[in-house]
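For reference, the structure discussed in these notes is given below.
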Amino acid sequence: MELSFIIIDDTELDHFIARKMIGNVNAAYTVKSFMDAGLALQHIISHKHDSAIKVVLVFLDIHMPMMNGFEFVEAFEKLEQAIQDKYYIVALTSSIEVSDINRIASYSSFRTRITKPITADGLKSLLNTVAAEFGISLT
Amino acid sequence: MAEKIKILYLDDEMDNLTGFKATLRLDYQVYTAVNVPTALEHLVKHPDIRVIFCDQRMPGKTGVEFFEELRGTHPLPMRILLTGYTDIDSVIDSINRGNIFRFVKKPWIEAELVSAIEEANKFYQANSMLAIKNDELQRAYSELDKFAYSVSHDIRGPLSGILGAINVARDMHDIAEMREMLFLMEKSLKKLDTYILSMHDYYSLQRGELHIGEVDFQKMVEEFKDIYRTAASTAQINFKVNINQREPFRSDTVPLKLVLNNLLSNAFKYQNKNTDAKVVELNIEVNKGAAVITVSDTGIGILGNHLGEIFNLFYRASSQEAGSGFGLYNVKSALLKLNGQIEVNSVLNKGTTFKVIIPSK
């Protein structure tokens, strides 16, 4: 596979839903789940990629205890460029707060934002965008 | 009788000061000063001085000039000018520059002084009340902001989860998978329910009055034993209770229970899953007019740099369990109502101890 996924969220149900949605598109995708953004960051720093993987799509929740989505992105932006290039971060949040939305838009690492709950159509159009940018075939 | 109203009188003539004090000392706490530095000393030492009388004609500084300075440094006390001569210019000056509350003419009549003080005191009280109400309003606003913000996450979060689950369920055919999802949906809804219940606690703590009554800790704790029996047995946690109530204790049971319940629920919730001998220990000692309550656990502990923030509204220091960020804030509010104190000691991965001291009412 050329694409894999990481879900960072402090709610189990949201992990379940996102996994299920991704599985419905293609059951062969690898999906890693993290309840704790700090552990996800550790994983990203130390992980050796399968050479086939072109990009990892990260669904990142914003409101989380300990390390929140913003803190995660700030730490992420300090990583080597080669690592950063491998990840495509999407804010996946239930927040409808304008301040959150503006703040998300202010980080270049947030490639886009999706309001929960994620829908099959929303996921499909996101995957099409990612596929086009990274030259990935989705079939 | 309530405490006497504090007033200050500044005049360069000793005789005036003596006469003034003699006239008013029975009804008021009178401070006198023969020069500006002494007057300022009094004001610093007694910030609750409510009314200041000042002679207009003094060497070095006029009464108006003194009041003009005080407007910046001690704006709260009411300013009254005592003056023997009243040309229109000095009247205009004293109002515009000194922003005085009243004029009293020298030589004074006692009734005039008293009525000036009483009127000034009414003004002072109204102003102070306004300041207090303003502070409360500010706090209420900032908490409202926090609420509005949390609604978007803590209420919309679980709801969007449930909506998402319903979406997913449309294409789900495996019963086992469905059950798993239902279990997670239930968890999300319980979290939402906890949030709403805590919000209710929050509100009643902020607005409710105290209802003081006799507290029997033994009886109260029996209720908690019942509540936590299941949690203790399913998670294999040893719940130890020691109560030593040597004397009657008076307090309001509602906030008291809230404190105990939140601390116990945290102690059970944030257990270290890798610890074999899990313990929650509740100690209550009532002695010498105070209850000392400690709740200890063998849980995951709290990182030192989070300790200062755990009592803040919506602060959560762990991703292990679903906290609402209300619990310890409500504990702190409840203790504030009961004039109690709380301290916390925690070692990461070893456990946490909360110690609460509440005076009997």
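We name chains A, B, ... by the order of the sequence lines, and we start the count at 1 in each one.
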Crowding at [atom1], [X] (>12 non-hydrogen neighbours, <6.0 Å):
{"X": "Gln81(A)", "atom1": "CD", "result": "yes"}
{"X": "Asn24(A)", "atom1": "CG", "result": "yes"}
{"X": "Lys86(A)", "atom1": "NZ", "result": "yes"}
{"X": "Ile175(B)", "atom1": "CD1", "result": "no"}
{"X": "Phe183(B)", "atom1": "CZ", "result": "no"}
{"X": "Lys32(A)", "atom1": "NZ", "result": "no"}

Separation between CD (Glu177(B)) and NZ (Lys20(A)), nearest 0.5 Å, reads 3.0 Å
Taken to the nearest 0.5 Å, the spacing of Thr115(A) OG1 from Arg156(B) CZ works out to 6.5 Å
Q) For the residue pair Leu163(B) and Pro117(A), what are the closest heavy atoms and their distance? A)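 Heavy-atom minimum between the residues: CB-CG, 3.9 Å.
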- Which heavy atom in Ile17(A) sits nearest to a heavy atom in Gly161(B), and how many Å separate them?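 For Ile17(A) and Gly161(B), the tightest heavy-atom pair comes out as CD1-O, 3.0 Å.
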Whatever's closer than 4.5 Å to a heavy atom in chain B on Thr11(A) counts as side chain
Turns out that what part of Lys116(A) lies under 4.5 Å from chain B's heavy atoms comes down to both
### Partner chain A: residue of Val168(B), Ile162(B), Asn167(B) with the largest heavy-atom pair count (under 4.5 Å)
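Maximum pair count with chain A is reached by Val168(B).
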*asked:* Exactly one of Met181(B), Lys187(B), Glu186(B) should register a side-chain contact (heavy atoms from CB on, under 4.5 Å) with Leu13(A). Which one does?
replied: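 It is Met181(B), the one option of Met181(B), Lys187(B), Glu186(B) that forms the side-chain contact (heavy atoms from CB on, under 4.5 Å) with Leu13(A).
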